[in-house]
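Throughout, residue positions are numbered sequentially from 1 according to the sequence presented. Note that these values count all heavy atoms, side chains included, but never hydrogens, waters or copies made by symmetry.
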Amino acid sequence: MRLAYDVSVSSNALELYEKLVATNPTVERKGATVPYTSLNGHMFSYLSKGGKLALRLPTETREAFLKKYKAKLCEAYGKVQPEYVEVPDSLLASTKELKKYFDASFAFVSSPKPKPTTKKKK
């Protein structure tokens, strides 16, 4: 499903993100203004309005990622997001290399209990 997206993000970053998401057929890209992926109410990746990909990773994988790619933790609205890494642009362009981290992110959110829904039952 392709959703309209805010033109402030480069179409190239969005295309690369959609290509990455397509590597896992069980994942659906959501979000109209901020594209993201989630499982059971737990978000595990998103593309910021600035065109930066953020991945939620478990501690060991996150630390290795930060060191290997000289990356940094994501910052949104002036707050550091301690579980999210900012993916360097050069790595975003390498879907094959990035896929293992996307899969690790998906696996990381597969273990928590689903978040309770906020919708009222009829």
Side-chain angles (χ1 to χ4, degrees):
M1 172 187 214
R2 190 172 182 99
L3 301 172
Y5 190 64
D6 187 335
V7 293
S8 64
V9 171
S10 79
S11 60
N12 187 47
L14 182 58
E15 287 174 23
L16 291 169
Y17 181 56
E18 288 181 339
K19 185 177 175 184
L20 177 65
V21 172
T23 65
N24 186 331
T26 62
V27 176
E28 176 187 344
R29 182 186 63 87
K30 303 172 185 177
T33 56
V34 175
Y36 71 95
T37 57
S38 67
L39 179 67
N40 296 327
H42 300 281
M43 188 166 65
F44 63 95
S45 77
Y46 69 89
L47 192 63
S48 74
K49 288 187 179 190
K52 294 292 185 181
L53 174 60
L55 286 179
R56 186 176 184 185
L57 296 172
T59 304
E60 287 183 17
T61 307
R62 182 174 56 248
E63 289 172 0
F65 182 95
L66 292 169
K67 187 175 182 179
K68 180 175 182 176
Y69 297 103
K70 295 178 177 56
K72 62 181 185 174
L73 294 175
C74 284
E75 199 174 312
Y77 305 103
K79 292 187 85 175
V80 173
Q81 298 176 299
E83 291 188 332
Y84 287 86
V85 296
E86 186 176 288
V87 175
D89 293 341
S90 59
L91 183 57
L92 178 58
S94 179
T95 303
K96 185 178 178 183
E97 187 176 354
L98 186 54
K99 179 180 173 17
K100 68 181 174 184
Y101 296 104
F102 185 73
D103 290 345
S105 184
F106 178 75
F108 182 51
V109 297
S110 297
S111 56
K113 288 183 179 180
K115 281 189 173 180
T117 183
T118 55
K119 293 180 183 176
K120 293 182 180 181
K121 292 183 180 179
K122 293 183 179 182

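A donor-acceptor pair under 3.5 Å links the side-chain atoms of Ser105 to the main chain of Arg56, judged by distance alone. The closest donor-acceptor contact from the side chain of Ser48 to the backbone of Lys52 lies under 3.5 Å. Here the side chain of Arg62 pairs no donor or acceptor atom with the backbone of Leu73 at under 3.5 angstrom.
Counting heavy atoms from C-beta on, the side chains of Cys74 and Val85 never come closer than 4.5 Å. His42 is not listed as a side-chain neighbour of Phe108, based on a closest heavy-atom distance of 4.5 Å or more. At a threshold of 4.5 Å between non-hydrogen side-chain atoms, the residues Val27 and Phe102 count as touching. Annotation: side chain of Leu98 is not in contact with side chain of Thr23 (no heavy-atom distance under 4.5 Å).
Side chains of Lys30 and Thr37: a donor-acceptor N/O pair is absent below 3.5 angstrom, by distance only.
Residues satisfying the side-chain contact (heavy atoms from CB on, under 4.5 Å) criterion with Glu97, sequence neighbours excluded, are Lys68, Tyr69, Leu91, Ser94. Residues satisfying the ring pair (Phe, Tyr, Trp, His ring centres under 6.0 Å) criterion with Tyr17, sequence neighbours excluded, are absent altogether.
In this structure, Phe65 has its ring center under 6.0 Å from that of Tyr101. Note: Phe44 and Tyr36 fail the aromatic proximity criterion, with ring centroids not under 6.0 Å apart.
Around atom NZ of Lys99, more than 12 heavy atoms belonging to other residues, nucleotides or ligands sit under 6.0 Å away.
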For this session: Would you please test Gln81 and Tyr46 for side-chain hydrogen bond (donor to acceptor under 3.5 Å, both in side chains) and show each step?
Result: CA-CA 12 Å; Gln81 298 176 299; Tyr46 69 89; 2.4 Å; yes
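Taking CG of Leu16 as the reference point, atom CG of Leu92 lies at 4.5 Å (rounded to 0.5 Å).
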